[in-house]
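Quick notes on the structure that follows.
In listed order, ligands and their atoms are each counted from 1. The first residue in the sequence is number 1, and the count goes up from there.
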Amino acid sequence: MTTSSSYPVSPGPSATLALPRIAVLATGGTIAGAAADVTNTSGYQAGVVGVDQLLSAVPALSTVARIAPEQIASIDSKDMALPLWTTVAQRVNTLLAADDVDGVVITHGTDTLEETAYLLHLTVKSDKPVVLTAAMRPASALSADGPLNLLNAVTVAAHAAARGQGVLVAFNNRIHSARDVVKTSTYAVDAFQSPEIGALGWVQDGRVDIQRAVVRAHTLTSEFSIGTAWPAVEIVASYAGVSRVAVDALVAAGVRGIVVAGTGNGSIHQALQQALAEAASRGVAVVRSSRVGSGHVMRNGAAADDALGFVSAGALNPYKTRVLLMLALAAGVTGAAALQKVFDTY
Ligand code: ASP
């Protein structure tokens, strides 16, 4: 649909001034990882290479955008914490509200990238581009994928076609919506997919092509805002021989919501279902998602949601379901009917 030409050899001073201004927020991850040996792609330390070093490894960035780097965290994203989510989302909103920022790129670990991306998709109050990227190989590795992913992410964020698309993920030449994208490989460089629906488009050699749009509510049409209150929501899984111990412990601990990674179409083992129905009757929000990895969970498809007081998550995986449920509960949405409306909208 929309394309731009390949990178110029050198932009020249007047062309440089016309380039979009992109803030690059670094949070850590494998893209900022380092190992003692170039052949080591699994035994490295994530989040140790600073944002300036990441940027200097990609000289072509200067032909795409004027970059303002910020090191907002230096973590392995497996350790992403709720207060840091608040910090990142607030910072992105502050940056995008400024006239001299045209877009934001966030470098992130791959492990929880899809959760952070979806959180921002629902809480960024701007139609300026926000693009997350990451890497499967540390910065020190042979054929590290981070530099090209970073260049592609900035290229997307600097492109007019990315505006109004919600939060995007640029990874391995593809452009995904934050709503759909999931990590699907523990090791492969092509580690992110949008199951069922597919990527929004692609980025290659400076060309950006976005071929479809996201129709569910996000960013400026989202009713949710970032705050500092994070209602306790946990995830339980259904599997052969599961007991009700985890659900009972969570209810006793006072959780506000439980997401179920159900089997198949969000179906739940009868032992777990009984415990969850009791939890729902005591005011705990219970949302059925699926552990399958693609497809969607139909309301009343596999369990009698109306009778049990359950909500179905549609196509969101359990981790994104938890993000949306936390935001909805923090915004004061309560009751299965109102929560179902939220899951049918976002
Ligand atoms: N554990 C790393 C992280 O999520 C994995 C990666 O970035 O690929 O930070």
Side-chain angles (χ1 to χ4, degrees), residues 24-55 57-58 69-89 91-92 104-121 130-154 156-157 167-176 178-195 199 203 235 293 317-320 322-323:
V24 175
L25 297 191
T27 68
T30 295
I31 192 168
D37 193 285
V38 294
T39 60
N40 190 339
T41 58
S42 58
Y44 58 88
Q45 200 178 342
V48 293
V49 178
V51 65
D52 291 333
Q53 210 179 324
L54 293 185
L55 294 169
V58 193
E70 273 184 40
Q71 190 77 49
I72 196 162
S74 297
I75 62 162
D76 185 319
S77 81
K78 73 179 175 58
D79 297 322
M80 179 53 73
L82 302 177
L84 182 54
W85 265 356
T86 299
T87 302
V88 171
R91 186 66 189 140
V92 171
V104 171
V105 165
I106 301 170
T107 60
H108 200 285
T110 60
D111 289 346
T112 56
L113 180 144
E114 70 209 54
E115 297 169 59
T116 301
Y118 190 51
L119 173 81
L120 295 171
H121 191 65
V130 177
V131 184
L132 281 81
T133 196
M136 289 300 283
R137 295 176 181 151
S140 56
L142 278 178
S143 301
D145 52 331
L148 183 56
N149 283 344
L150 179 56
L151 179 61
N152 283 339
V154 172
V156 174
V167 171
L168 303 172
V169 173
F171 200 90
N172 206 34
N173 292 103
R174 294 199 182 85
I175 304 166
H176 298 270
R179 183 176 197 277
D180 306 326
V181 73
V182 292
K183 185 176 180 180
T184 55
S185 175
T186 58
Y187 73 96
V189 169
D190 199 9
F192 284 86
Q193 311 289 333
S194 295
V203 48
I235 301 171
N317 73 14
Y319 317 104
K320 292 186 190 184
R322 175 173 173 268
V323 169

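Of all protein heavy atoms, the one closest to atom 5 (C) of ligand 1 is Thr30 OG1, 3.1 Å. Nearest non-hydrogen protein atom to atom 8 (O) of ligand 1 is Thr110 OG1, 2.5 Å. Nearest protein heavy-atom contact of atom 9 (O) of ligand 1 is Ser77 N, 2.7 Å.
Between Thr27 and Ile106, some side-chain heavy-atom pair lies under the 4.5 Å cut-off.
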I would like to know whether Phe192 and Thr184 meet side-chain contact (heavy atoms from CB on, under 4.5 Å); could you show each step before the answer?
CA-CA 6 Å; Phe192 284 86; Thr184 55; 5.9 Å; no

Please report the C-alpha distance between Asp180 and Gln193 in whole Å, then the side-chain angles of each, then the deciding distance to 0.1 Å, and finally whether the side chain to side chain donor-acceptor pair (under 3.5 Å) criterion is met.
CA-CA 8 Å; Asp180 306 326; Gln193 311 289 333; over 6 Å; no

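Taking distance alone, with nitrogen or oxygen atoms compared against 3.5 Å, Asp76 approaches ligand 1 more closely than that limit. Residue-to-ligand polar distances place Ala135 within reach of ligand 1: an N/O pair is separated by less than 3.5 Å.
A donor-acceptor pair is defined here as one N or O able to donate and one able to accept, closer than 3.5 Å; such a pair exists between the side chain of Asn40 and the backbone of Ser42. Counting only distance, with no hydrogens or angles, the side chain of Ser140 and the backbone of Ala35 share a donor-acceptor pair below 3.5 Å.
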